[in-house]
There are 2 protein chains.
Amino acid sequence: MVKVKKEAGAEQRILEAAKKVFMQKGLAGARMQDIADEAGINKAMLHYYFRSKDKLFEVIFKEAASNLFPKMVAIISEDISLFDKIRKFTKEYLEIVIENPYLPLFVLNEINKQPVNFHAKMFGAKPPDFSLLVKQIDSEVKKGIIKPISPVHLVMNMMSMCVFPFISKPMLQIVMHMDDLQFRYLMEQRKTEIANFIIDSIKK
Amino acid sequence: MVKVKKEAGAEQRILEAAKKVFMQKGLAGARMQDIADEAGINKAMLHYYFRSKDKLFEVIFKEAASNLFPKMVAIISEDISLFDKIRKFTKEYLEIVIENPYLPLFVLNEINKQPVNFHAKMFGAKPPDFSLLVKQIDSEVKKGIIKPISPVHLVMNMMSMCVFPFISKPMLQIVMHMDDLQFRYLMEQRKTEIANFIIDSIKK
DNA sequence: ATTAAATTTAACCATTTGGTTAATGCGAAG
DNA sequence: CTTCGCATTAACCAAATGGTTAAATTTAAT
């Protein structure tokens, strides 16, 4: 009868369970009962701590977004050379998504379904603004340090190569005949591979 | 009382409506009533023509996948030079997704939610196999035509840069301060931009 | 025109689902 | 020990939802 008490408080357990279920099934596909079961508590507790499904989802979503975006903002704002910035961004961003592989699809998917209000909901105070990086790229192009390239495309390319493999993991694994271990190993490689690929393309 | 008859048959209208609703809300988020309303017919018709929600979804999903993948397979199997293949793949693939911008997120999202059986369901006879392209890249590396690069990373990079912008369009538009027109224009540019970027990176 | 088959609809049904409530447990303060 | 407030649960509820059915309407064949 003695319940093992190593587990965290109810609220924390709910949050972890909700994260797991929402990430896997999305807002519409998740069932409150699933979350309660996953947390090992009564369903009414979900409403006791978080008023509604939407409210609970918003907490999870905000936490997910705050896990994804602030780091981006920090790095692109640093005062370092473009090549270093590319190396640092790709490496550190890969590290984040390797640890949270479900985050990107979760966030992007729900953004696309809720075309309204998510902006404020997502980045409370600090909307990531890549225009700084864009300006830096433009400047380096004009100074003749790198080949002429549209800064917007360069940023898009960089983000694409960092994030897309995680979004398309199941498809990639089929198309490229990979198991989970191989995939993980490839993602580790990409921490440096992406930057090299980009720099090789734009350096003179 | 005279009903205008310019509209297509019921079955076709259902398919179009289902595509629209499923694409926007996903399998779990879509309501049969939404689809019926969108098609302008009675809800029972959905079950008359397609037995269940799942069956209807499968039809839409298969059509979507068959719109996305066969072209990929065709191009990567062609007997042309690597650079030409990269140019052709990126250009033609961009053309497809520009016309169907919701397809990638729709397909990838549902794949991630249904980790089972989707393989057969998706590519009936022709599972796209990139190992041919991988071998071609490997061969060109060994022949010394291009810089040494992991073929798998190269293919990943190429696919990422083609598809990701469409998946992340709303986020990109915020982060990069773009409206729909600018986005569309950028995607047009990418038809050639991506290939140039890749080739610049790997050519000797 | 008559009949038979296919199509379409309104009403209905069973289940699922988010949410509520009232009672119970329980630990801390008095 | 009692009381009080927070935490927890089982039972319940109303709305939503996928699906069914039987009747009505249209279409096509004889």
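So you know, we letter chains A, B, ... as the sequences are listed, proteins then strands, and number each from 1.
Residues A/Gln24 and B/Asn112 bring no donor and acceptor atom of their side chains to less than 3.5 Å of each other.
In the region residues 29-37 of chain B, proximity to DNA chain C at under 4.0 angstrom, judged on heavy atoms, holds for none of the residues.
Distance CG (A/Asn42) to C1' (D/dC12): 12 Å, rounded to an integer number of Å. Taking atom NZ of B/Lys25 as the reference point, atom C1' of D/dG18 lies 16 Å away to the nearest angstrom. Per the geometry, CD1 belonging to A/Ile41 stands 12 Å off P belonging to D/dA7, to the nearest Å. Distance CD (A/Glu11) to P (D/dC6): 14 Å, rounded to an integer number of Å. The distance between atom OH of A/Tyr49 and atom C1' of D/dT8, rounded to the nearest whole Å, is 8 Å. With rounding to whole Å, A/His47 atom NE2 is found 15 Å from D/dT8 atom C1'. To the nearest angstrom, P of D/dT17 lies 16 Å from CG of B/Leu56. If you take CE of B/Met45 and C1' of D/dT26, they are 12 Å apart, rounded to a whole angstrom.
Evaluated for a side chain to side chain donor-acceptor pair (under 3.5 Å) with B/Lys191, the options B/Glu188, B/Gln189, B/Glu193 yield exactly one hit, B/Glu188.
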Decide side chain to side chain donor-acceptor pair (under 3.5 Å) for B/Asp54 and B/Ser52; before the verdict, give the C-alpha distance in whole Å, the side-chain angles of both, and the deciding distance to 0.1 Å.
-> CA-CA 5 Å; B/Asp54 284 330; B/Ser52 68; 5.1 Å; no

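For B/Lys169, the NZ atom sits in a packed shell: over 12 heavy atoms of surrounding residues, nucleotides or ligands are nearer than 6.0 Å.
Residue side chain B/Lys53 does not reach the base of D/dG19 through any donor-acceptor N/O pair under 3.5 Å, judged by distance alone.
The residue among B/Ala10 and B/Lys43 whose nearest nucleotide of DNA chain C lies closer to the 5′ end is B/Ala10.
Not one side-chain nitrogen or oxygen of A/Tyr48 sits closer than 4.0 Å to the OP1 or OP2 atom of D/dC6.
Aromatic pair A/Phe22/A/Phe106: ring centres not closer than 6.0 Å.
Candidate nucleotides D/dT8, D/dG19, D/dT21 were compared by shortest atom distance to the side chain of B/Ser52, and D/dG19 ranks first.
Listed for the B/Lys43 side chain is no donor-acceptor partner under 3.5 Å among the backbone atoms of B/Ala36.
B/Phe50 comes within contact range of no nucleotide atom at all, as no heavy-atom separation falls under 4.0 Å.
In this structure A/Lys53 satisfies the side chain to side chain donor-acceptor pair (under 3.5 Å) test with no other residue, sequence neighbours excluded.
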